[in-house]
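One structure below.
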Amino acid sequence: MKHLALFAAAIALLALAPVVLGGHGLSVMTLTLTNLVLAVGLNLVAGYCGQFSFAQAAFFGIGAYTTAIMSRDLGTGVWINLPAGIIIAGLFGLVLGVPALRVKGHFLAIVTIAFQTVVYLTLVQWTDFTGGQNGILVPGVGETSILGIIRFNVQSLDSYYWLTLALAAVAIVVAWRLVHSRLGREWIAVRDDETLAQAVGVNTTTTKLSAFVASAAFAGAAGALNAYTMRTAAPDDFTIFISSIILAIMILGGKGTFLGPIVGAFILTIIPESLGEFSRYKMLFFGVLLILTITFLPGGIMQLVRNARTRRA
Amino acid sequence: MDLFLQYLANGIVVGSSYVLVAVGLTLIFGILGIVNFAHGEFYMLGGFAGIGLATVLGLPLIVSLLGVVAFAALLGFLAEQILNRQVKDKDPTNSIVSSFGLAVVLQNAALLVIGPQPMLLRTDLSMVPVEIGPVYLPLQRALIPVAMIVLVGALHLLLRYTWVGMSLRAMAQQPTVARMCGIRVSRVAIVTFMTGAVFAGVAGFLMSSVFMVHPLIGNMIVLKAFTVVILGGMGSVTGAAAAGLMLGIVESMTSAYLGNGLRDIVGFLMVVIVLLAWPQGIFGRKLERS
Amino acid sequence: MTETETNMTRPVLEARGIVRRFGGITAVDGVDVTVGQGEIVGLIGPNGSGKSTMVNLLTGELAPDKGTIRFAGKDITGVAPYRRARLGIARSFQMLRMFTSMSVEDNMLTATHIHMKRGLLSSLLNLPSARAEEDEVRARARDLLAMFELEQFAGRPVTALSIGQQRMVELARGVLSGPKLFLLDEPAAGLAPPNVDRLIALIKRMRDEFGISILLIEHDMRVVRELCDRVVVLDSGELIAEGHPETVVNDPAVIEAYIGKGWSRRAQA
């Protein structure tokens, strides 16, 4: 109950952001929440289930292109495109999960890098379908309603921010339930000791696949919505660098902890976006941070928090 | 048929550069257990250093080459200092993450210092034609397979017959025993990284006459090299040599007969198939994949 | 034999003619092992005699080259390890294995997933039915932890416990999964003598109170003598003796396998 109250208070506080923040601040916050959904999703497969993935940006892109292509070719709206983005990204997650059943560690990391690159190259080169390097323009969400009851108009920056906030809130709740369900315990079991997990009756095949699907589905949701916010889907938003940013967020925050990627998303989006004239050093900053964190603080910020707590106890 | 031979020759040229990059990658993995994602940056920086020395400073090619070797060796040394810290007892993917971080740093440093403009090395050698039957190559390109054979051959002899080589192989097979037998592990690690970086740097310099060099080129190169390493079997130098040439040829043929768009994708498809079908690599010995 | 008699005497585990080779070496060569309902069977033999291979064949980590394994009347020869666990085969490991990032209680709970009746969806949605089931399982886990004198550690990280205590968690976890058969792979290894006495008592209780049949791989002959109804002796992958522990330990072939001519003969081969 305490958790729930804190969570509700945090969301309520964040909902007030448009009151205080201007245009730039609000776009940064929207980006923060998008990164949050991506990192929370990545954490399911990489943090909890221990299956490393460099491909989160690929699933992000698959979600975005689902929105873009379906809007263009089928004229569908957000309430069709968003679930479609989640499902299609989830299916691709299943595809990436299959090699994960055969290879581990280094090899799995390389396979996910290859997957990420193939998706990117496809987006760039399949010009007829994806619009190539220029991408596809996406219409706004516009006037819409939830089940025909609650009507609203999504046009302003504020309303896109609120929509993203709603997605982030849902994502956090879903992730919480996943991690604290039987499935979450099985993910951790597979990460800790696969042989033992099998010996106690865990079907490690479906467990791993479910983690890949869940993780990809989160990214698909973020992508499907982000295409609306950005009004475009273009391949350069889905490169391996974006994957590395999401990875940095998860690792700096603390992989395999619930709060880690959430904390990481705020720190690693807001700081680089506030660099102003130094923003061209942004990627340099991410790279250095990735090296320093993994070398000196592999457990991330949450590890510091835990250490401080045990010292007090 | 003539055209086919020309494609084959082009494939061998590009494949030779893959071999040079992949050999270092496979050595670093085989001996130190590190997956060095920053390896493509040795290639990129080798290319830029070479262009700088040869065209900006106007040094003779052979002097430029020596300069590239020295520069790459220094890079390898520095990379070892950064990356070889966290391998022991920790998550094996940590080295991927930190080397990936290093790659991002080097790429963006290059972007800031050199700028995004692609560069090509033009020398007098590119004017000298080499004709073997129906196949035509500028001398500068024809030198790439030659350099590859010389370097990989030298490495092979080094690994086989010298004390350094024996320590390296001992480390690859039994790190703990090697340590007990008095092999200076840290020195082995430095030598391995420097060798790998020099090979990749030389490849970058030689290839700068074939493909444009730009700050982000390392990404694609390192993925190609990983492809080669996986196809050839992790840790196997001869496997990397065979697989590198094969990848170059397959790419050249794909691009010629199936379309240029598929060129970069075909290698990844091969990787996925190989990992699923022969987890130890086509040419590799059996190895635990974890 | 009447119908009831066959049912009563039908073994829980019945492995027949098991062969397993590694390259040119035959690690297990035509071995039969049966464990009857409520029986404690010892599997002993010198190092390298094929005991561990046999365990891995029974749990499904390895597949036999020849032979069949029947469990509770079903052929399970090609069945995956996790399915065998679900059918009711629990195991402990010679080299202790734990979910190292979990608490003692969570380590226990992973073993109960196989018996949870509520669907995954209700677990995800945290429905009252799923919560009630989880509470019930937790209560059972606590009871078992109490039996193994671990209740005060329930919330602790499992790695904070001593090796001996972790061994007990392993046993409690196995019992909690409600198996018909428990394969214990050297449970006394590394235990101090007073703890070995406790272990013996606990294994007896597993059989008497929980009706679990047990296959015990053990080097400590005191444990074997006090617990086992029957002992199977392996040497170089072959079954060389079977019977009551007291008879078997005095069997010349067994003595030879452990200390005598066996060594010299194998050295010559």
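Computation of the quantities below employed the complete heavy-atom set of this structure, encompassing side-chain atoms and omitting hydrogens, waters and symmetry-equivalent molecules. Sequence lines set the chain letters: A, B, ... in the order given, protein chains first and strands last, and positions in each chain run from 1.
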With only heavy atoms counted, which part of B/L223 is less than 4.5 Å from chain A, the side chain, the backbone, both or neither?
side chain
Contact residues of residues 111-123 of chain A (partner chain B; heavy-atom separation under 4.5 angstrom)
A/V111, A/I113, A/A114, A/T117, A/V118, A/L121, A/T122
Restricting to non-hydrogen atoms, name the atom on B/A109 and the atom on A/L284 that form the minimum distance, rounded to 0.1 Å.
N-CD1, 3.7 Å
Taking side chain as C-beta onward, heavy atoms only, is A/Q125 less than 4.5 Å from B/I265?
yes
Which residues in residues 240-249 of chain A have any heavy atom closer than 4.5 Å to a heavy atom of chain B?
A/I240, A/F241, A/S244, A/L247
Look at the rings of A/F54 and B/F37 and say which category their plane angle falls in: under 30° parallel, 30 to 60° tilted, over 60° perpendicular.
parallel
Could you give all pairs that pass the salt bridge (Lys or Arg N to Asp or Glu O under 4.0 Å) test and reach residues 22-40 of chain B, with sequence neighbours left out?
none
Looking at every heavy atom in both B/V104 and A/M283, which two are closest together, and how far apart are they?
CG1-O, 3.3 Å
Non-hydrogen side-chain atoms of A/F52 and B/V97 separated by less than 4.5 Å
yes
Most heavy-atom pairs under 4.5 angstrom with chain A, which of B/L102, B/V105, B/L111?
B/V105
Output the distance between atom CD1 (B/I230) and atom CD1 (A/I110), rounded to the nearest 0.5 Å.
4.5 Å
Whether over 12 other heavy atoms sit under 6.0 Å from A/F92 CZ
no
Please enumerate all residues that pass ring-ring contact (aromatic ring centres under 6.0 Å, His included) together with A/Y48, with sequence neighbours excluded.
none
